[in-house]
There are 2 protein chains.
Amino acid sequence: MSGEDNLLRLVEAEEPDENNYHLQDQVGFILRKAHQRHVAIFASHIADLTPPQFAALAKLYDIGETSQNQLGTLIAMDAATVKGVIDRLKARGLVELSKHEVDKRRLLVNLTPEGREAIERLIPLARTITEETLAPLTAKEAATFLRLLAKLA
Amino acid sequence: MSGEDNLLRLVEAEEPDENNYHLQDQVGFILRKAHQRHVAIFASHIADLTPPQFAALAKLYDIGETSQNQLGTLIAMDAATVKGVIDRLKARGLVELSKHEVDKRRLLVNLTPEGREAIERLIPLARTITEETLAPLTAKEAATFLRLLAKLA
DNA sequence: GCAAATTCATTCGTATGCAAATGATATCAA
DNA sequence: TTGATATCATTTGCATACGAATGAATTTGC
C-alpha cells in the first residue's frame with residue numbers, strides 16, 4: 001500500500017484528525033466572528049451609536065451619576081478606552097462631566113436630558129438587536145448558550 | 001396601598017422584571033467580555049503575536065499561498081483590516097508577497113520559512129489557549145457551547 | 001467586442017482596545 | 001507627620017475593525 005493510500009484512508013474514515021489545527025474550530029476564532037456578527041446587527045438597527053457608547057449610556061441610565069473609572073469597570077472598559085467613549089458622548093451632548101467635590105481626582109459622568117431621551121428611545125431597539133443576534137437558536141438553546149457564555153466571560 | 005408599596009412588592013416577589021433593561025444580561029455585552037477574556041489569555045501565552053496575526057499565519061500554513069483578499073475572507077477580515085495585518089507580518093519577515101502572474105489585481109501571500117517555523121512552534125500554545133479559554137466549562141458544556149456558538153457566528 | 005458590472009487592493013477617517021508612562025490626589029503605615 | 005502605596009485620569013503608541021471612496025484589472029451581458 002502506498003503512502004497516498006494511507007492518506008486517503010485517513011480522510012475517508014473521517015477520523016477526528018486531532019493532529020491538524022483547524023482555525024475555524026477554535027473557540028477564540030468563532031468568538032471573534034460571533035462578536036463581529038453581533039456588532040453588524042447592532043449597527044443595522046442603531047446607526048448613530050456604537051455598542052460601547054450604548055453600553056455607557058445604558059449603564060448611566062441604570063445607576064445614575066458615577067465616576068469615569070467606575071463606569072469603565074461596570075461596562076468592562078479600561079481607563080483609556082472609557083475616556084475616548086465618554087469624550088465622544090460629551091461632544092454630542094449626551095453626557096455631562098463634573099468634578100467630584102471631595103475627591104478631586106474623580107471625574108463624575110451623568111446623562112444629560114438629551115442622553116436620557118436617547119437611551120429611552122434606543123432600549124427597545126436594543127431588545128430587538130438581542131433577539132436578532134440569538135435568532136439562529138431556539139429559545140431553549142439561547143438560554144443554554146447565555147448560561148455557558150456567562151461562565152466564560 | 002401606596003405606589004411605593006407596589007414597587008416594593010415587585011422587587012420582593014423576584015419577578016422576571018422584564019421591564020428593566022440589564023446591560024450585563026445582553027448577549028452582545030457578554031460576547032464582548034468573553035472575547036476580551038480570550039484575547040487576554042491569548043496574550044499571556046503568545047506575547048509577540050496578536051490573535052488576528054496568528055489567524056493569518058495559521059490559515060496560510062493550512063492552505064498555502066493565496067491572495068490577500070481570499071485570505072481575508074477565510075479569516076473573517078475585511079480588505080482594509082487584512083492589509084494592515086499582512087503589512088505587519090511582512091515587516092517581521094513572517095510572510096512574503098508576490099504578484100499574481102495572470103490576474104494582475106491579486107497580491108499573493110505566502111509564509112516565509114521563518115513564518116512556517118513560527119506557526120509550527122505556536123500551534124501547541126494555541127491549543128493551550130483554547131483549553132484555558134474553555135476551562136470554566138466541563139467537557140460536555142464546552143462541546144454544547146461550541147456547537148451553539150458556531151450557529152451564532 | 002464593448003460597455004457595465006464586479007473584483008482586488010489601497011487609502012482615509014473614525015472608533016474601540018490595551019500597555020505603559022505620567023501627574024495629581026488620596027490613603028496607609030510606621 | 002511623613003514616606004510609601006494606591007487610585008484616578010490622561011496621554012502616547014500600536015493594533016484591530018469597518019465604511020466609504022478610489023483606481024486598476026477582470027468578467028459579464030448583450
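Chain A is the first sequence line, chain B the second, and so forth, proteins listed ahead of strands; every chain is numbered from 1. Being a predicted model, the structure only gives us computed values, none of them experimental.
- The interatomic distance linking N69(A) (CG) with dT25(C) (C1') rounds to 13 Å, in whole Å.
- Residue V85(B) is classed as a sugar-phosphate contact, given heavy-atom separations below 4.0 Å to backbone atoms only.
- Of all heavy-atom pairs spanning L94(B) and A118(B), the tightest one is CD2-CB, 4.2 Å.
- Looking at T130(A) and Q26(B), their side chains do bring a donor and an acceptor atom within 3.5 Å of each other.
- Look at CG on L108(A): it is 12 Å from P on dC8(D), rounded to the nearest Å.
- Between Q70(A) and dT7(D), a side-chain N or O to OP1/OP2 separation shorter than 4.0 Å is absent.
- Set against dA9(C), dT11(D), dA17(D), the side chain of Q68(B) has dA9(C) as its closest nucleotide.
- Candidate nucleotides dA26(C), dT11(D), dA9(C) were compared by shortest atom distance to the side chain of A80(A), and dT11(D) ranks first.
- In this structure, the CZ atom of R106(B) is 9 Å from the C1' atom of dT7(C), given to the nearest Å.
- As a whole-Å value, the separation of D78(B) CG from dT16(D) C1' is 10 Å.
- Between the C1' atom of dT16(D) and the NE2 atom of H35(A) lies a distance of 12 Å, rounded to the nearest Å.
- Between the T133(B) side chain and the I129(B) main chain, a donor and an acceptor come within less than 3.5 Å of each other.
- Aromatic pair F29(A)/F42(B): centroids not less than 6.0 angstrom apart.
- Here the P atom of nucleotide dA15(D) and the CZ atom of R32(A) are 16 Å apart, to the nearest Å.
- In this structure, R88(A) places its CZ atom 8 Å from C1' of dT14(C), rounding to the nearest Å.
- Each of V39(A) and S67(A) lies near DNA chain D, and the nucleotide nearest S67(A) is the one positioned closer to the 5' end.
- Along DNA chain C, the nucleotide nearest D103(A) and the nucleotide nearest P51(A) are compared for position; the residue whose nucleotide lies closer to the 5' end is P51(A).
- For the pair I86(A) CD1 and dT16(C) P, the interatomic distance rounds to 10 Å; values are reported in whole Å.
- In this structure, V102(B) reaches the sugar-phosphate backbone alone: every heavy-atom distance under 4.0 Å involves primed, P, OP1 or OP2 atoms, never a base.
- Across all strands, T50(B) comes closer than 4.0 Å only to sugar-phosphate atoms, never to a base (heavy-atom distances).
- Within 6.0 Å of atom CD in E120(B), more than 12 heavy atoms from other residues, nucleotides or ligands are found, so the atom counts as buried in its surroundings.
- Between the side chain of R105(B) and the base of dT26(D) there is no donor-acceptor pair of N/O atoms closer than 3.5 Å.
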